Amino acid sequence: DLLYNNGSSATRLLVGNQYDMLGVGESSVVGWEQNPQRRVVDIPNTDGAASDGGYRSGGVLLDDGTLRCWGHAGDETLGYGTYRGDSTFMIQPAFPANTTGKPIKWERQGADNIVLMDNGEVWVWGRNAYGELGIGNTATVRVPTKVAALNGVNIVDVQLSKSYYDPRFHTLFLADDGSVYACGFNGSGQLGIGNTTNQSTPQLLSKSDWVKIYAMGVSGGFSAGIDTSGNLYTWGWNGRGQLGIGSTTTQSTPQLVNAFGGVAVSKF
């Protein structure tokens, strides 16, 4: 069942009819409708990944390219600009008026938010405790802020690590040329840059033997990338053998997984 906050309490959204869409109608209430004014096209962190999503808050990406969120506003979770213990239903994060990009992907975890625009820009807000938002420091970001370090780079995907118990997050950014950038917590080498130093600006991964990366994956302590030849690379914490490289040695640079006998990998 789908539960949502109607402004005062958690409400069960009853099953709709065939061909109904989840959207926001004239009364600004989420519901199942045949032709809602604004259709919900994405609910962050519902792609099958184990995730607790936004801290005490919810959010939706609508088909007109706007975001709506609600709930607890601590650590600037909602991107509204001020701290409040809770918020009214359907707050819109305070993007600058001259923002030209349209949101196409919204990554939320804990109190962190990362939004990918259709023009390749990345905008962020939230707690940023380990520099995972990529703005060059670890200060709390109160309103949507552009990741300036990626100016001139056309980003096509973002992945924010998802771990219910551990808020030491890190982020991967995939560029249209197949290069990968990473920032945030790096205690186990999960950034893949050859060391275990946290980074608050996106760092380019240096890897000479992989072909263009087209897909990425992240967990709390490790990362993965798949290149256009179907090769899987993993890096980061490996204490339980989760990298799949035949050992339990932690790796701070991407390692080729040789366990598939030449069969191409398509998804992590």
Side-chain angles (χ1 to χ4, degrees), residues 41-51 104-109 114 116 118 120 122 132 134 147 150 152-166 168-199 202-268:
V41 295
D42 186 34
I43 301 175
N45 294 340
T46 56
D47 57 357
S51 168
I104 57 175
K105 184 175 184 180
W106 185 7
E107 285 279 286
R108 307 186 78 213
Q109 185 68 15
I114 301 178
L116 174 64
D118 60 359
V122 180
E132 61 271 21
V147 180
L150 294 174
V153 181
N154 183 24
I155 299 300
V156 296
D157 193 17
V158 293
Q159 294 279 344
L160 175 62
S161 63
K162 298 169 176 63
S163 174
Y164 183 84
Y165 297 105
D166 190 349
R168 295 176 292 183
F169 301 137
H170 69 285
T171 307
L172 299 184
F173 307 85
L174 177 63
D176 62 349
D177 64 358
S179 57
V180 178
Y181 297 77
C183 64
F185 186 75
N186 194 33
S188 298
Q190 52 264 65
L191 299 188
I193 57 176
N195 59 53
T196 55
T197 303
N198 297 347
Q199 302 290 334
Q203 304 294 308
L204 176 64
L205 275 67
S206 176
K207 198 75 176 71
S208 60
D209 59 346
W210 64 22
V211 188
K212 178 180 179 180
I213 294 295
Y214 83 94
M216 305 181 302
V218 288
S219 183
F222 67 97
S223 307
I226 303 172
D227 70 12
T228 53
S229 293
N231 297 311
L232 173 66
Y233 294 84
T234 57
W235 58 95
W237 188 58
N238 194 33
R240 299 294 184 268
Q242 55 266 57
L243 298 188
I245 58 175
S247 74
T248 56
T249 303
T250 293
Q251 303 290 332
S252 62
T253 58
Q255 306 294 310
L256 176 64
V257 178
N258 287 307
F260 302 112
V263 177
V265 175
S266 60
K267 185 177 182 180
F268 176 80

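Since this is a predicted model, take the numbers as computed values, not measurements. By convention here, the first residue in the shown sequence is residue 1.
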Exercise. For side chain to side chain contact (heavy atoms under 4.5 Å, CB included), just list the numbers for D157 and M216, CA-CA rounded to whole Å, side-chain angles, deciding distance to a tenth of an Å, and then say yes or no.
Key: CA-CA 8 Å; D157 193 17; M216 305 181 302; 4.0 Å; yes
Quiz item: What is the distance from atom CG of L172 to atom SG of C183, rounded to the nearest 0.5 Å?
Solution: 8.5 Å
Exercise. Quick one: pull up CD1 in I213 and CD1 in I226 and give me the separation to the nearest 0.5 Å.
Key: 8.0 Å
Quiz item: Can you find a pair of side-chain heavy atoms, one from I193 and one from L205, that are under 4.5 Å apart?
Solution: yes
Quiz item: Taking only residues two or more places apart in sequence or in another chain, which ones pass side chain to side chain donor-acceptor pair (under 3.5 Å) with T253?
Solution: Q255
Practice problem: Show the numbers, then the answer: is there a side chain to side chain contact (heavy atoms under 4.5 Å, CB included) between L116 and I114? | Solution: CA-CA 7 Å; L116 174 64; I114 301 178; over 6 Å; no
Quiz item: T234 and I245: which non-hydrogen atoms are nearest, and at how many Å?
Solution: OG1-CG2, 3.8 Å
Self-check item: Side-chain heavy atoms of Y214 within contact of S266, under 4.5 Å
Solution: yes
Quiz item: Roughly how far apart are N198 CG and L191 CG, rounded to 0.5 Å?
Solution: 7.5 Å
Quiz item: Considering all heavy atoms of both residues, which atom of T248 and which atom of R240 are nearest to each other, and what is their separation?
Solution: CG2-C, 4.3 Å
Quiz prompt | Minimum heavy-atom distance G134-V147, with the two atoms named | solution = O-CG1, 3.4 Å
Quiz prompt | S223: side chain to side chain donor-acceptor pair (under 3.5 Å) partners, not counting sequence neighbours | solution = H170
Quiz item: With a 4.5 Å limit on heavy-atom distance, are the side chains of Q251 and L243 in contact?
Solution: yes
Practice problem: Look up atom CD1 in I155 and atom CG in D176, then write down how far apart they are to the nearest 0.5 Å. | Solution: 8.0 Å
Quiz item: Between L204, V180, L150, which is the residue that forms a side-chain contact (heavy atoms from CB on, under 4.5 Å) with F173?
Solution: L150
Quiz item: Of the non-hydrogen atoms in N238 and Q242, which two are nearest, and what is the gap between them?
Solution: OD1-N, 3.1 Å
Quiz item: Would you say K105's side chain and V158's backbone share a donor-acceptor pair under 3.5 angstrom?
Solution: yes
Quiz item: Going by distance alone, is a donor N or O of one side chain under 3.5 Å from an acceptor N or O of the other, for N231 and S229?
Solution: no
Practice problem: Using the ring-ring contact (aromatic ring centres under 6.0 Å, His included) rule, collect all pairs that involve residues 222-252, keeping only residues at least two apart or in two chains. | Solution: W210-Y233
Quiz item: Of all heavy-atom pairs between T250 and G239, which one has the smallest distance, and what is that distance?
Solution: OG1-N, 4.4 Å
Quiz item: Residues in side chain to side chain donor-acceptor pair (under 3.5 Å) with N258, at least two apart?
Solution: none
Self-check item: Sub-4.5 Å side-chain heavy-atom contact between F185 and Q190
Solution: yes
Quiz item: Which heavy atom of A175 sits nearest a heavy atom of V153, and at what distance?
Solution: CB-CG1, 3.7 Å
Quiz prompt | Residue pairs, two or more places apart or on separate chains, that pass salt bridge (charged side-chain N to carboxylate O under 4.0 Å, His left out) and touch residues 209-232 | solution = K207-D209
Self-check item: Set of residues satisfying side chain to side chain donor-acceptor pair (under 3.5 Å) with respect to D118, sequence neighbours excluded
Solution: none
Self-check item: Main-chain N/O of V218 paired to Q159 side chain as donor or acceptor, under 3.5 Å
Solution: no
Quiz item: Does any N or O in the side chain of N186 come within less than 3.5 Å of the main-chain N or O of N195, such that one atom is a donor and the other an acceptor?
Solution: yes
